[in-house]
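So the structure is just underneath, and the comments pick up after that.
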Number of protein chains: 2
Amino acid sequence: MVTKQLLKDLPEDADLRRADSLAREIFSDVANKWALLIIEALGERTLRFSEVRGEVEGISHKMLTQNLRMLERNGLVDRKVHPTVPPKVEYTLTEPGRALRATVDAICQWTQHHLGHIEGARQRFDA
Amino acid sequence: MVTKQLLKDLPEDADLRRADSLAREIFSDVANKWALLIIEALGERTLRFSEVRGEVEGISHKMLTQNLRMLERNGLVDRKVHPTVPPKVEYTLTEPGRALRATVDAICQWTQHHLGHIEGARQRFDA
DNA sequence: CAGAATCCAGAAGGATACTG
DNA sequence: CAGTATCCTTCTGGATTCTG
């Protein structure tokens, strides 16, 4: 059981509450479409803002900055500003970011693997 | 690279477009906080509507029905209605649902494992 | 080029009441 | 009890403009 308590097997009972609430925050930040697509897009590469935008289909300028800020704040991406003109800003996944990316990959593979089943289920449901 | 094209190594080029667009739909459905929490809550168990609600902290009646419908439509949960009065409806993960749950577990573990790093990154960022 | 700020239309989501 | 429908508020997110 995970939702009454998102974390498992935590020792201290006193710190458990805030750890769990922190975990919920992080989960909410991370369990969203754009964040996951950005992480997947970055992969092992270092990309500029505009390059990331090119990779993530349909994302707006605003959503991209917003999500990149959030990911940076949580230490999932590293943001490197080159003090040139015009500016150049590069984004790279950190180690935790790359670790999370592995699970995003898993979701993508899951999606691909179950495409047929899902399409069938939809047709049955919509009828 | 995954976002220009979410799927990899697909054979037919003709069907690739719609497969990829279907994959995007599914990804959007599934990559959302409530859906993932519901999947995690269900786990290996069969739960009634009200029980699921009890397990997923903070979810409203409306969000729960909406997401359960969506999950059922995509064939991730099985919905069994007992024609009694008062009604009793039970939800269970299907095989694809359980497979996805494994990746949700991975995200939970990732969260737990990187709590410290993230908390530190936040403090640095917020300063 | 990257991004901050503003504006605003439309979607998300909560509360409530009603039905089988 | 489970589910639908309605209302109404909040928030999301796009378009646009402005700056270093």
Side-chain angles (χ1 to χ4, degrees), chain A residues 3 24-39 41-42 45-74 76-93 125-127, chain B residues 3 24-39 41-42 45-74 76-93 125-127:
Chain A
T3 40
R24 273 165 209 289
E25 275 189 45
I26 298 168
F27 192 89
S28 296
D29 274 357
V30 142
N32 103 48
K33 181 187 162 188
W34 291 132
L36 295 182
L37 287 176
I38 290 170
I39 289 170
L42 277 173
R45 303 175 295 174
T46 291
L47 296 180
R48 300 183 59 170
F49 181 87
S50 46
E51 292 171 334
V52 179
R53 189 163 182 206
E55 294 296 328
V56 181
E57 176 165 324
I59 196 169
S60 69
H61 188 120
K62 187 182 180 179
M63 279 303 97
L64 183 54
T65 40
Q66 227 170 69
N67 279 276
L68 282 173
R69 275 313 149 274
M70 179 274 285
L71 292 173
E72 184 193 0
R73 181 169 116 91
N74 288 316
L76 303 198
V77 305
D78 184 56
R79 178 167 175 269
K80 170 123 193 207
V81 182
H82 295 79
T84 59
V85 42
K88 176 178 174 180
V89 183
E90 293 182 317
Y91 295 91
T92 318
L93 289 183
F125 185 92
D126 294 343
Chain B
T3 40
R24 273 165 209 290
E25 274 188 47
I26 297 169
F27 192 89
S28 296
D29 274 357
V30 141
N32 103 48
K33 181 187 162 188
W34 291 132
L36 295 183
L37 287 176
I38 291 170
I39 289 170
L42 277 173
R45 303 175 294 173
T46 292
L47 296 181
R48 301 184 58 168
F49 181 88
S50 46
E51 291 170 334
V52 180
R53 189 163 182 207
E55 293 296 328
V56 181
E57 175 165 324
I59 196 168
S60 70
H61 188 121
K62 187 182 180 179
M63 279 304 97
L64 183 54
T65 42
Q66 226 169 72
N67 279 276
L68 282 173
R69 276 312 149 275
M70 179 274 284
L71 292 172
E72 183 192 1
R73 181 171 116 91
N74 288 316
L76 304 199
V77 304
D78 183 56
R79 177 166 175 270
K80 170 124 193 207
V81 182
H82 296 78
T84 58
V85 42
K88 175 176 174 180
V89 182
E90 293 182 318
Y91 294 92
T92 318
L93 289 182
F125 184 92
D126 293 344

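In this text the structure is predicted, and so the values were computed from the model without any measurement. Only this structure's heavy atoms are used, side chains among them; waters, hydrogens and symmetry mates stay out. Convention: sequence-line order gives letters A, B, ...; per-chain numbering from 1.
Of the side-chain N and O atoms in B:T84, none sit less than 4.0 angstrom from OP1 or OP2 of D:dC1. Listed pair B:Y91 / D:dC1 fails the phosphate criterion, with no side-chain N or O lying under 4.0 Å from OP1 or OP2.
Nearest-nucleotide assignment on DNA chain C puts the 5′-proximal partner with A:H61, out of A:H61 and B:R53. Residue whose closest nucleotide on DNA chain D sits further toward the 5' end, between B:F49 and A:W34: B:F49.
Atom-to-atom distance recorded for A:L37:CG and B:F27:CZ is 4.5 Å, nearest 0.5 angstrom. The NZ atom of B:K80 sits 10.0 Å away from the NZ atom of B:K88 when rounded to the nearest 0.5 Å. One finds the CE atom of B:M63 at 11.0 Å from the NZ atom of B:K33 (value rounded to the nearest 0.5 Å). One finds the CD atom of B:E57 at 4.5 Å from the CZ atom of A:R24 (value rounded to the nearest 0.5 Å).
Atoms CD1 (B:I38) and C1' (C:dG13) sit 14 Å apart, rounded to a whole Å. In this entry the distance linking CD of A:E90 with P of C:dG3 reads 12 Å, nearest Å. Going from atom NZ of A:K88 over to atom C1' of D:dG20 covers 18 Å, rounded to whole Å. Between the C1' atom of D:dT12 and the NZ atom of A:K33 lies a distance of 12 Å, rounded to the nearest Å. The interatomic distance linking A:I59 (CD1) with C:dG3 (P) rounds to 13 Å, in whole Å. If you measure from atom CZ of B:R48 to atom C1' of D:dG3, you get 13 Å, rounded to the nearest angstrom. The CG atom of B:D29 sits 11 Å away from the P atom of C:dA12 (whole-angstrom rounding).
Here the shortest heavy-atom pairing between A:D29 and A:A35 reads O-CB, 3.9 Å. Nearest approach of B:T65 to B:K62, heavy atoms of both residues: OG1-O, 2.8 Å. The nearest pair of heavy atoms linking A:Y91 to A:R69 is OH-NH1, 3.6 Å.
An end-to-end axis angle of 40° holds for the helix from C:dC1-D:dG20 to C:dG20-D:dC1, taken from five base pairs per end and rounded to 10°.
Partners of A:T92 according to the side chain to side chain donor-acceptor pair (under 3.5 Å) rule, which considers only residues two or more places apart in sequence or in another chain, are A:T46.
Here C:dG14 is the nucleotide among C:dG14, D:dA2, D:dG20 with the atom lying nearest to any side-chain atom of B:S60.
Using a 4.5 Å cut-off on side-chain heavy atoms (C-beta onward), B:V56 and B:L64 make no contact.
For the segment residues 62-72 of chain A, the set of residues with a heavy atom within less than 4.0 Å of an atom of DNA chain D comprises A:K62, A:M63, in numerical order.
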